[in-house]
Amino acid sequence: MADYLGIAEGEGIKPLNPQERKDKDFFRKPAAKNKKEVQLRVGEVIQSTILDIVSSQEAIVQLPTGTVSAFIHGRLKKGDVVFLRVNEISPDLILRIHSVSYIKNGLELPLSEITRILDLPGTQFFIETVQFLKKRKSYILRDEALIIENAFISIDESIRKDYNSEVLFSAIIFMHENKLPVDSRIVMKIAPVLSGNNYILNLLISLENSVPQLPEQIRYKAESFFKLIKSNSTSINKLINALLIESTDNEAKSLYETLVEILLIKDEKIEREIKKVKEISRKIIQVIEGQHFLNTFGLNNNSALYFYLPFPYQNLYSIAKVIIRGQPVSKQTGKRIIKFSIISNTLGLGEIVSSGELTLNSLNLNIITSSGDLSNLFIKHINSLKEKLSLQNKNVQSIVVEDVKGVNTSEFESGRQSPTNFSIVV
């Protein structure tokens with residue numbers, strides 16, 4: 001990556017240094033008066049249009065309930081549409097920048113405009129932050145950008161060098177939403193899992209290419225693993241077990257045990273190629289152990305469970321990410337609902353997201369693909385697909401297929417059980 005403001009080759013994204021940081025907190029200026037009495041509540045978030053800028057701190061704002069003169073700290077301009085939080089009502093009306101939609105009049109706002117409206121510095125760090133937040137939801141919250149910055153600074157520099165910004169930002173948001181402390185040790189656990197399908201797939205390919213360098217006994221175990229995940233006859237249960245720490249299937253030993261054996265090879269007795277295999281093995285172990293950490297946390301805190309699932313594809317293999325979220329028992333039906341997402345991306349099929357809900361007796365499935373041809377193929381064989389899915393007395397209530405250009409998987413990968421709610425007046 002070319003060296004430019006906020007980013008240096010091999011060093012990852014750098015946050016603002018103390019000299020670059022500006023005061024981003026709201027402060028009070030002299031009193032302003034409302035043009036007319038408008039009923040507002042402290043804490044509510046209101047969609048607002050800036051009608052005019054009176055001074056550096058005061059603006060005329062169109063609210064859903066009327067027009068007011070208020071104090072707003074930031075770099076807003078006439079015509080901006082922004083969500084404002086009511087900070088104070090008396091003696092003065094003080095509004096705080098809360099969030100902004102990145103769509104205006106059907107078009108995406110430039111990243112530089114979003115940072116300006118949110119009163120964030122226009123550095124590369126915050127450009128990257130806004131780009132990341134755009135993938136998660138339709139509204140970009142100012143406080144989330146500041147949370148990411150503050151947490152990023154606290155992460156050890158060595159870890160920042162190992163992962164790209166999107167992975168680290170995902171880890172920060174996961175910790176924040178699940179009320180975990182921002183600790184570099186926790187980041188080291190979850191960042192490998194959040195690195196995505198291609199990360200683990202490329203590690204497995206590198207490991208397979210290095211198998212001939214391994215001692216005979218270990219080589220046989222590694223070859224057996226890759227033969228297993230390439231075979232179309234391998235059961236789904238064995239594939240699920242393949243990347244767990246402990247296999248629940250005696251016939252399908254997990255890769256984890258073999259990787260540990262590779263790490264135990266004594267360094268003084270091996271060549272450079274074996275040292276490379278050990279480094280690859282260490283990274284795959286980090287993914288498997290991180291998966292175990294997240295799932296242990298998820299079971300104890302009712303948050304998402306993550307599984308990487310290898311599957312045969314065109315005589316080779318690929319990787320799918322499976323995310324499972326349990327929901328409380330429905331008061332209406334008395335049934336517990338399991339929500340799930342399966343995300344895969346292959347060279348031939350592109351990205352496919354299968355998401356749905358599963359109860360004791362029924363299944364609802366939504367398939368999203370970026371390929372129109374694949375979408376038509378699913379629709380053509382939808383009845384056959386229903387028959388295949390109608391297992392163990394599960395009634396397939398619906399299967400919906402969508403052809404969406406540029407599938408955004410971030411919303412499916414969130415570790416939260418349900419989004420944080422806030423009151424918005426539009």
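Because the structure is a prediction, the values reported are computed rather than measured. If you read the sequence from its start, that first residue is 1, and numbering goes on from there.
For Glu108, the salt bridge (Lys or Arg N to Asp or Glu O under 4.0 Å) criterion is met by Lys134, not counting sequence neighbours. Remark: Arg85 pairs with no residue by the salt bridge (Lys or Arg N to Asp or Glu O under 4.0 Å) rule, at least two apart or across chains. By the salt bridge (Lys or Arg N to Asp or Glu O under 4.0 Å) test, Glu279 pairs with Arg282, sequence neighbours left out.
A side-chain donor-acceptor contact under 3.5 Å links Asn295 to the backbone of Tyr306. When atom types are taken as modelled, the side chain of Asn164 and the backbone of Glu166 share a donor-acceptor pair closer than 3.5 angstrom. Under a 3.5 Å cut-off, the side chain of Asn300 and the backbone N or O of Phe297 do not form any donor-acceptor pair. Side chain of Tyr313 to backbone of Leu347: no donor-acceptor contact under 3.5 angstrom is found. A donor-acceptor distance shorter than 3.5 angstrom exists from the side chain of Asp183 to the backbone of Arg185, with no hydrogens or angles considered.
Looking at Asp119 and Arg96, no side-chain N of the basic residue comes within less than 4.0 Å of a carboxylate O on the acidic one, giving no salt bridge.
Aromatic rings from Tyr102 and Tyr139 are positioned such that their centres are separated by 6.0 Å or more. The aromatic ring centroids of Tyr317 and Phe226 lie less than 6.0 Å from each other. In this structure, Phe307 has its ring center no closer than 6.0 Å to that of Phe340.
With 3.5 Å as the limit, one finds a donor-acceptor pair spanning the side chains of Glu289 and Tyr256.
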